[in-house]
Each structure stands twice: as C-alpha cells, then as structure tokens.
Amino acid sequence: MPDRLTPRSDERTLRAAYRHCRRAVRRRDPVQYALTQLTPPALRPAWWAMWAAFSAADDIADDPGTDRAERAARLRDWTTRLDRDLAGGRSDDPVRHALVDTVRRWDLDPSTLHRSFATLAEDIGGREFATWTQWSSRVRRSNHSWAVEGLHLLTRAGVHIPLWLNRTESYRRYLDGIYLTDTLADLADDLSRGELLLPADVLASFPGAEDGLRAGRYTPAVRDLVSHLTGRARHWLHQPELLGGLPPGPAVVFDAATRLFMARLDAVDAAGGRLLHWRADPSRVTRWRLLAPARAQTALAWRLLSCPVDHRTPPLPAESQDSVVVESGTVTSPPPHPSGARPPSLAPGDLPRHVAVIMDGNGRWATQRGLPRSDGHREGSTAVREAFHGALELGLPYLTLYSFSTENWKRSTDEISGLFALFREELRTHSFTQYGVRVRWAGSPEGLPEDLVDELLRVQHETRRQTRLALTLCLNYGGRAELTRAARALAHRAATGQIDPARIHEADLAAQLSLPDLPDVDLLWRTGGEHRVSNFLPWHAAYAELHFTDALWPDTDRRDLWQAVTAYTRRRRRYGSAPRVPERPRPDAPAAV
Ligand code: IPE
Ligand code: IPE
Ligand code: MG
C-alpha cells in the first residue's frame with residue numbers, strides 16, 4: 001500500500017489513529033511505551049497499534065461493570081468487526097484502523113493475533129491455575145503469539161534476530177518472568193476485580209496470604225509471598241545467554257527491557273502495603289537513568305542498520321506530534337541588543353561549530369554589591385539569554401552552557417535550592433521554540449528534584465525538532481562522572497559478550513556519553529578570571545581553543561560572545577600537525593611567545 005497513493009484525508013485519519021494508539025500505550029504502561037521508543041523509528045507505530053489493540057480487547061474481557069455473557073458477546077463483536085475491517089482495509093474505530101494498516105503494511109498474520117484474542121475470550125470464563133505449569137501454559141498461549149508477530153515485524157524491517165533452538169526454554173522463561181512481573185505490578189487492579197492470577201499451590205504455601213490479599217491487608221504472609229514471587233520473577237528474567245549473538249540494536253533493547261522489568265520488581269518490593277492499592281512502577285527518574293544510554297545506543301545502532309524500512313515509510317514520524325511545533329520557516333529572530341550592536345560579519349566557514357561556556361563569577365558579582373549570592377545567579381540568567389540570542393544572531397550551530405557541576409553540591413543548601421528554583425523558572429519562561437532552539441540536557445538526574453528533571457525532559461522533548469541552534473545545558477554535569485559511566489557501560493557490554501575489548505575504539509566510548517552526537521568543542525570560553533576547566537566536557541574539549549576573560553558572568557552580554565568567537569577565528573588549529581610553510585600571523589593575532 002504505497003503511501004503516495006493514499007488520499008490526504010485518509011492519511012490524516014490514519015495518523016490520528018496511530019496517535020490515539022500511542023497515547024493509549026503511554027498512558028497505560030509507560031514502561032512498555034519507553035521500550036517501543038528504543039525500537040527502529042519506522043516500527044514504533046506498529047508496536048503502538050498492536051499493543052493498543054490487545055489492551056482494547058483486554059479491557060472488554062475485564063470490564064468489571066458487565067457480566068460474563070455480555071463481556072463475551074462484546075469481545076466476539078470486536079473481533080468480528082476486526083475481521084470485517086481487515087477485509088475492507090479500514091475501520092471507523094481508531095485502534096482497529098491502525099491495526100488493519102499495520103497488518104497490511106507489514107504483512108502480519110492476523111490468525112496469530114486472533115489466537116491471543118481467543119485466549120482472552122476463554123479467560124472470561126474464569127482464570128484459575130492449580131500449578132505454575134498451568135499458569136505458564138495459559139500465559140504462553142496469549143502472549144507468545146504477540147512475541148512471534150513482534151519477531152516477524154523486526155525481520156520485515158531488516159533486524160534479524162537469530163533464534164537458537166537449544167535456548168527455547170530460556171526464551172519461554174524470560175517471557176514468563178515478564179508476565180509475572182506485570183501481574184505483580186498490577187496486583188491492585190486485578191484484586192479490585194476480585195481476581196488473583198497466581199497458581200493455587202503457591203498461594204497455599206503461604207498460609208493466610210490469599211485471605212490477606214483478598215481483604216486488602218498487607219499481612220506478613222502477603223509480604224513473604226510477594227517477596228518470594230519477585231525473587232522468582234528475577235530468576236526467570238535472568239537469562240544472560242539470550243544476549244549472546246544478538247546484533248547490537250536488539251542486544252541493547254533486550255538489556256534495557258530486562259533492567260526496566262527488574263526495576264519494576266524493585267518497585268514492587270519497595271511498595272509495601274501500597275502494592276494492594278496502586279500500580280507499582282519505577283519512578284520517572286529511574287526510567288530515565290535506565291533508558292537514556294539505551295536510547296543513544298539504539299539511535300546509533302538503527303542508523304547503522306541497512307534495512308529495507310525506508311520503502312515502508314510509516315504513516316507517523318516516530319516522535320510525538322501532539323505538541324505544536326513552530327516550523328523552521330516561521331521561527332522569529334531574537335530581540336536585538338539594546339545598543340543596536342550587530343554580530344560581526346565572519347565567514348561562516350571560520351565560525352566555530354561548537355562553543356562551550358563556563359559561566360563563572362555570579363557569586364563574586366553579588367558579593368561585590370553586598371547582595372546574596374542568589375542575586376548574582378539571577379542576574380546571570382539575563383546573561384544566559386544574551387548568550388543564546390547572540391549565538392542565534394551569529395549563526396552558531398551548537399552552544400553549551402555549564403549550569404551546575406557535580407562539584408557544586410558542596411555549596412550551601414540555600415544556594416543550591418535557589419539555583420534549582422531559578423533553573424525551573426527559566427525553563428518555564430524561555431521561548432526556545434519561537435527562536436528555533438533545541439534544548440538538550442547533559443548530566444545526571446541523581447539528587448536533582450524530580451520536578452526539575454521533569455521540566456528538563458519536557459523542554460528537551462518539546463524543542464526536539466528545532467534546528468537553528470542546539471543549546472546544551474550541562475546541569476548536574478561532571479566530566480569524570482560522564483566518562484566513568486561510559487566506561488561502566490562498555491565494561492558491561494564486554495562482560496556480556498557484546499563487544500570485544502580488543503576492538504574498543506574512541507567512537508565506541510563516545511557512543512556511551514550523555515549526548516553521543518554532541519560534536520567536539522571548538523571554543524571553550526570561561527568568564528570570571530579563573531584559568532581552569534573545572535571538570536567540564538573533558539572528552540569533547542580535548543582539542544578546544546581556550547579563551548579566558550576577566551569579566552564576571554552577569555556583566556557579560558552577547559557582545560562578549562562575539563568577541564570570543566572573533567578571537568577564535570584568528571587562531572590556527574593544527575591538531576598535532578606541523579605547518580608545511582612558515583605561518584604568517586593572522587591580522588590582530590597576539591605575537592608569538
Ligand atoms: C558560576 O558562578 C555559577 C555556578 C556555579 C552555578 P559562581 O557561583 O561560581 O561565582 P563565583 O565563582 O563564586 O564568583
Ligand atoms: C564551574 O564553576 C561550574 C559552573 C560554572 C557551573 P565553579 O565556580 O563551580 O568552578 P570552580 O569550583 O571555581 O573550579
Ligand atoms: Mg565560581
């Protein structure tokens with residue numbers, strides 16, 4: 001079904017249908033949604049459609065407001081309509097419409113999906129398992145068909161996952177581990193419908209646990225049962241041999257999925273009595289910590305993948321289309337400097353690609369005026385605005401600002417919380433999108449207030465399509481910590497057989513950094529009179545031209561940035577080579593010493 005033959009209104013309906021599915025996944029299961037974001041972009045809409053379809057059918061089967069006969073009839077009706085829609089190639093229901101498109105686009109086998117709907121229909125009659133063996137066989141009947149179609153989908157996209165017959169039992173155990181983890185996280189929801197989806201024999205071995213669960217009481221027997229079950233799920237999820245031989249992309253996804261499900265089990269253990277009332281899930285910060293490196297690695301792996309996904313352009317770009325994005329044609333210019341100063345006219349080829357700034361001197365600026373240090377930081381935020389306006393006017397592609405270092409935790413709690421409040425406020429009030437600025441965050445969420453992390457991730461997400469200037473905020477950033485994290489990730493990949501230690505190259509380490517595509521720093525400028533780099537971007541600034549100025553950061557404006565760049569254009573960069581002919585100093589270059 002080539003896209004170019006699809007009439008425009010149909011295309012719009014289809015996009016809306018996939019958007020509906022994406023929202024459904026994100027709302028119901030943020031962990032699953034996060035995992036879909038690690039797969040090749042072209043495939044994501046297909047996962048959303050399949051997942052949303054399964055959930056829609058599951059909701060009908062589980063609807064607590066209706067009796068069994070009615071639920072069975074509704075589910076039958078839903079699947080009959082799906083068959084009709086599949087034959088007709090479209091549907092008036094958004095979930096089925098997206099699923100129909102996915103099945104046709106990727107040539108999936110509808111009968112496999114039907115098998116799992118049939119299992120849901122059987123479940124309406126009641127789900128009871130005497131033993132783990134019965135439990136597994138039920139789980140496998142409904143989930144394996146989706147796993148098989150998932151594998152088929154990957155193969156169609158050119159991602160070949162070798163399956164070893166002698167590992168069949170490990171694959172099955174792993175999927176059982178996933179399902180048991182989900183059952184534990186969803187315990188409250190199932191109990192609210194009077195269901196307890198665990199084998200009778202395990203309940204019997206913890207006397208009193210079943211009564212406690214059904215009465216909503218977190219008794220010692222319930223606690224022991226839960227801890228036994230999380231242990232069992234961890235054991236099933238621990239199948240390291242499944243990683244062996246996987247290509248880099250799938251290996252990262254598998255590894256991230258395992259870590260996320262393990263984190264979900266940690267959340268179940270940590271929930272205590274809340275488990276009986278709320279769904280247990282890893283916090284947003286934990287998810288971010290686990291997913292950020294995986295996202296970077298998969299982005300790289302899928303870029304290297306030579307797969308036939310291009311001719312099957314999905315109806316929806318992989319990223320969200322909910323938020324309004326100002327297209328590059330409609331971005332506005334920043335307000336000019338009050339003095340009317342204009343940027344120097346420098347040849348674009350002479351400009352540094354990446355300028356990084358250590359904005360130092362806020363505290364001294366305030367102290368010199370008898371003001372609290374926080375006033376210096378506040379004044380400094382005007383200079384931040386000036387810097388990125390100046391970068392836009394000059395046409396710099398990358399500007400990176402050191403906002404808070406991992407060493408800055410040594411400051412008073414008052415100063416730190418004042419800084420965080422300021423960051424929050426600035427992130428909320430700047431109009432980055434209006435100027436075409438893409439904001440990215442480098443640093444660690446560890447120790448930061450959760451709402452600040454949320455704010456950073458929000459701005460990062462909202463501005464992700466802007467292309468005029470990439471503004472990186474190094475916030476809670478430490479260069480050594482970044483390199484250590486990268487080394488740890490490489491060591492893990494070596495220990496699990498994903499890479500050969502003898503073949504680790506610079507690019508492999510760079511791929512593990514917070515923002516793997518951040519280019520080398522050409523110009524590193526520090527204000528405030530200190531001549532040091534204070535743990536800032538050691539990897540990227542290895543060959544940076546250094547520029548130190550005495551002015552305190554709040555006293556600077558965009559003209560200082562322009563001056564720094566102008567000075568840079570007079571430098572001669574050699575990268576270790578020797579000049580072939582004696583160099584003549586460029587005009588205005590400082591005399592050689
Ligand atoms: C830099 O200014 C800003 C941050 C570290 C957040 P300082 O606060 O270090 O200012 P001085 O060096 O004490 O003057
Ligand atoms: C570096 O400034 C960190 C930031 C600008 C965020 P500092 O003022 O903290 O650096 P040192 O401690 O003087 O080296
Ligand atoms: Mg300082």
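One-based numbering, in listed order, for ligands and for the atoms of each. Any value given below was found using the heavy atoms of this structure, including those in side chains, with hydrogens, waters and symmetry copies removed.
When heavy-atom distances to ligand 1 are checked against a 4.0 Å cut-off, E530 has no atom that comes that close, whether in backbone or side chain.
Within the structure, ligand 1 has G361 among the residues with a heavy atom less than 4.0 angstrom away. The closest approach between any non-hydrogen atom of R364 and ligand 2 is not below 4.0 Å. Within the 4.0 Å heavy-atom cutoff, R532 counts among the residues contacting ligand 2.
At a threshold of 4.5 Å between non-hydrogen side-chain atoms, the residues R28 and W51 count as touching.
At under 3.5 Å, not a single nitrogen or oxygen of S405, backbone or side chain, sits near a nitrogen or oxygen of ligand 2. Ligand 1 has no N or O atom lying under 3.5 Å from any N or O atom of L419, backbone or side chain. Residue N408 has at least one N or O atom closer than 3.5 Å to an N or O atom of ligand 2.
Closest to atom 14 (O) of ligand 2, if we only count protein heavy atoms, is S534 OG, 2.6 Å. Looking at atom 10 (O) of ligand 1, its nearest protein heavy atom turns out to be G363 N, 2.9 Å. Considering only non-hydrogen protein atoms, atom 13 (O) of ligand 1 sits nearest to R373 NH2, 2.9 Å.
Both the sub-6.0 Å distance and the 45° axial angle are not jointly satisfied by R411 relative to the ring of W409.
Among the backbone and side-chain atoms of D360, an N, O or S atom lies under 2.8 Å from the Mg ion (ligand 3).
Aromatic ring centres of Y174 and H238: separated by at least 6.0 Å. Ring-centre distance between W525 and F536: not below the 6.0 Å cut-off. For an aromatic pair to be called close, the ring centres must be under 6.0 Å apart, and F404 with Y477 fails this. Between F388 and H430, the ring center distance clears the sub-6.0 Å criterion.
Residue-ligand proximity, R526 to ligand 2, at heavy-atom distances under 4.0 Å covers atoms 2 (O), 10 (O), 11 (P), 13 (O), 14 (O). Near F404, with a cut-off below 4.0 Å to any heavy atom, the atoms of ligand 2 are 6 (C). The ligand atoms of ligand 2 that sit less than 4.0 angstrom from a heavy atom of R411 are 7 (P), 8 (O), 9 (O). Short contacts between ligand 1 and S403, defined as distances under 4.0 Å to a heavy atom of the residue, involve ligand atoms 6 (C). Atoms of ligand 1 lying under 4.0 Å from any heavy atom of M359, numbered from 1 in the order shown and given with element: 1 (C), 2 (O), 3 (C).
Nearest residue to atom 12 (O) of ligand 1 from T527, I358, D360 is D360 (criterion: closest heavy atom).
For the residue pair D522 / H354, no side-chain donor-acceptor distance below 3.5 Å is found, with atom types taken as modelled.
For the side chain to side chain contact (heavy atoms under 4.5 Å, CB included) with P293, the qualifying choice from R289, Q297, R295 is Q297, the only one to do so.
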Stepwise side-chain hydrogen bond (donor to acceptor under 3.5 Å, both in side chains) check, D520 with H540: CA-CA 4 Å; D520 281 352; H540 306 83; over 6 Å; no

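Using a 4.0 Å cut-off between a side-chain N of Lys or Arg and a carboxylate O of Asp or Glu, D454 and R458 do not qualify as a salt bridge. For R264 and D269, the salt-bridge test fails: no basic side-chain N is under 4.0 Å from an acidic carboxylate O.
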